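Below is one structure, written out as structure tokens; the observations come after it.
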Amino acid sequence: MTRFLVRRLGLLALVVWGVVTATFALVHATPGDPARATLGDKAPESAVQALRAEWGLDQPLGVQYWHFLTDLVSGNLGTSFQYRSPITALLAERLPTTLLLMLMAVTFAVVISLPLATWVAVRGRGGSDIGVRIFGAVAQGTPTFLIGTLLVIVFGLKLHWFPVGGYGRTTAEHLHSLVLPAMTVALGIVPMLVNSLRASLTDALQSDFVAFGHSKGLKPATVLAAYAIRNGSISGVTILGIQAGVLAGGALVVEKVFAIPGMGSLMLAGILGRDFPVVQATTLVFAGIVVVVYLITDLSYALLDPRARLT
Amino acid sequence: MRGATVGQPLLKVEGLCVDVSIQGGEYAALKDVSFTVQRAEAHGLVGESGSGKSLALRSLMGLLPSNARVSAGSAYFNGTDLFANNGRNFRKIRGTGMSMVFQEPAVALNPIARVGTQITDGIAQRKGWSRKQAREYAVHMMQLVGIPHPELRVDAYPFQLSGGMRQRVMIAASVACEPELILCDEPTTALDVTVQAQVLALFDGLRTELNAGILYVTHDLAVVSELCSTISVLYAGQLVESGSAAEVLGNPREEYTRALLAATPRIDEPGQRLRSIPGTTPALRDRPADYSFAMRMADHAPDSLSIPEEH
Ligand SMILES: Nc1ncnc2c1ncn2[C@@H]1O[C@H](COP(=O)(O)OP(=O)(O)O)[C@@H](O)[C@H]1O
Ligand SMILES: [Mg+2]
């Protein structure tokens, strides 16, 4: 288990370094001068040059990269050009929102997918199976923002069950505001999750070990839960891991659609304002989130399947 | 005696027919099969691979694969009609009345549950046992089936045990509720000869100690002659011959039984020449409605292999 962890953590560090470097390169290759963007078109060139010097943008790229990396390692993410405040403070404000959004999205996805997949697998081939497949194909082909817009129209504008945007001030308001965005992200991964769960549950239901469970006279519900679902849902964990990127990307888009002040909207604001440090830091954090989700699913896999603990 | 009515057989199967649907077509896998098993008696159901032995056992447990069904016939366990009441009678009988030892413990044991749990989950649910009680009983049962150091293995997972130990776990799980009838599906095929002999002795002990009936499925006549007092010979879904073991094995009436015997190594006659039966049992879809063993022999008769004459 320790070796398992060390190996995964090593991989994590490597991935994060790769992402950070790629972001640095991309940000500096994008046309547009942050100092000019901050001061406006009418500012004198000398003021712009002064600001560039202050931010270290006049130094060679290699030197900038070195400063960027050493700062990162010491936990200093820099200062936002736009907000003129340390990025760690900005993140502390926004990261919990995005994490909560993603957590709710995963919960919704699982709560929708597992019963649906179980129902279809138990009923076997037939109408429900085909229905779910068609639904899956359609849902998978629909972009997140479209699903989000549809949810807003139905549950926000027509039914007034949930706010159509904003984040509120109390925790209850936060949770309430996040329902539609989280559902939007969830529906993005539900089709794939249902499909994979349906397939593995069907396999499990036809397996000898489920027959064996019945042969011992166990209650059918016990066999379903302890034998079929426990085995069949292992694949679902893997799918959640694979979909970690989709999850993070979905959160990013959805925060914009629903005006949620999280990491996604911070990142977009950073890109639009040529706010290099913000873009770099938010990318880093998103990459970190994806990698950590991978790690968590890997660990849950090992917890669910004793055979995986050996490798 | 438990639930016994004088003169009534423990299991009475009459005219059992099982159909399997393959790609839209229905094929008869068992045709008009009848036999009885008495209390404290071991009955052998013998036939080559593909003769329908596993389907016969599964139909008696109500655990046929989803594409197979009982199309005719009846089966009475202690006078209870197994196929009546829409399958609900099975639920009362599985575990305490009948249990089944599956052919492949490697796939019939739940891969992600501890072996101790799998031995006792049936009886623990029935009796409302605590975890501790169940664990103690699991250790006791493991001892009974000859697993050394059960207290060290009770928490193991199936993949951590050898094939022989897994099969013993399977047997322990099947007899945990002290069933009146044990269905065995080639339980020793995967085991080496010494372990096989131990497992056979174990079944014989259960038969005399629990007064249990045993329906023992195998392709191995040597095993049958050791354990069973009566046998039925099955070929391609049809009952070829049945009677007392001494009678059928000592003086076989049917050509198929004689061929099976000639292909079985004999312990009392080492070094004798074995004549394997030419060909194999044809697949379900390749059997004509009136298929018989004579047709297979005709297909493989020496003259049918001769080179066509030249003109
Ligand atoms: N679920 C199934 N679908 C299709 N064919 C099957 C199925 N189960 C069994 N059969 C076929 O039925 C015949 C009898 O199978 P089985 O009962 O497993 O034989 P045995 O246990 O004697 O080897 C074989 O030809 C097998 O291929
Ligand atoms: Mg078989």
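No experiment lies behind these values; they were computed from the predicted model shown. So that the names make sense, note that chain A is the first sequence line, chain B the second, and so on, each numbered from 1.
- Counting heavy-atom neighbours within 6.0 Å of B:E209 CD, excluding the residue itself, gives a total of 12 or less.
- Closest heavy-atom contact between B:Q125 and A:G217: OE1-O, 4.4 Å.
- Applying the ring pair (Phe, Tyr, Trp, His ring centres under 6.0 Å) rule to B:F77 yields no partners; only residues at least two apart in sequence or on another chain are considered.
- The two atoms that bring A:F212 and B:M100 nearest to each other are CE1-O, 4.0 Å, heavy atoms only.
- Of the N and O atoms on the side chains of A:Y227 and B:D121, at least one donor lies less than 3.5 Å from an acceptor on the other residue.
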Tell me, with the steps shown, if B:I112 and A:L304 meet side chain to side chain contact (heavy atoms under 4.5 Å, CB included).
-> CA-CA 7 Å; B:I112 61 173; A:L304 281 172; 5.8 Å; no
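- Considering all non-hydrogen atoms of both residues, A:P306 and B:F159 come closest at O-CZ, 3.7 Å.
- Checked by atom type and distance alone, the side chain of A:K216 never pairs as donor or acceptor with a backbone atom of B:T96 at under 3.5 Å.
- Between chain A and the residues B:M61, B:E104, B:M170, the most heavy-atom pairs under 4.5 angstrom are made by B:M170.
- Of the atoms belonging to B:L63, it is side-chain heavy atoms, and not backbone ones, that fall under 4.5 Å from chain A.
- Atoms CG and CG, from B:L109 and A:D208 in turn, are 10.0 Å apart once rounded to the nearest 0.5 Å.
- A:R230 contributes atom CZ, which lies 6.5 Å from atom CG of B:N110 (distance to the nearest 0.5 angstrom).
- For the options B:Q103, B:R58, B:K92, B:M98, heavy-atom pairs under 4.5 Å to chain A are most numerous at B:R58.
- With a 4.5 angstrom heavy-atom cutoff, A:A204 does not touch chain B via any of its atoms.
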CA sep, side-chain torsions, deciding dist, call: B:S66, A:Q206, side chain to side chain contact (heavy atoms under 4.5 Å, CB included) = CA-CA 8 Å; B:S66 53; A:Q206 283 165 2; 3.7 Å; yes
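- With sequence neighbours left out, B:D220 forms a salt bridge (Lys or Arg N to Asp or Glu O under 4.0 Å) with no residue at all.
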Candidate pair A:H214 and B:R94, rule side chain to side chain contact (heavy atoms under 4.5 Å, CB included), full reasoning | CA-CA 7 Å; A:H214 284 301; B:R94 285 178 198 146; 3.8 Å; yes
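- Within the 4.5 angstrom heavy-atom criterion, no atom of B:R114 approaches chain A.
- Looking at B:S99, both its backbone and its side chain come within 4.5 Å of chain A, counting heavy atoms on both sides.
- With a threshold of 4.5 angstrom between heavy atoms, B:P111 approaches chain A through its backbone and through its side chain.
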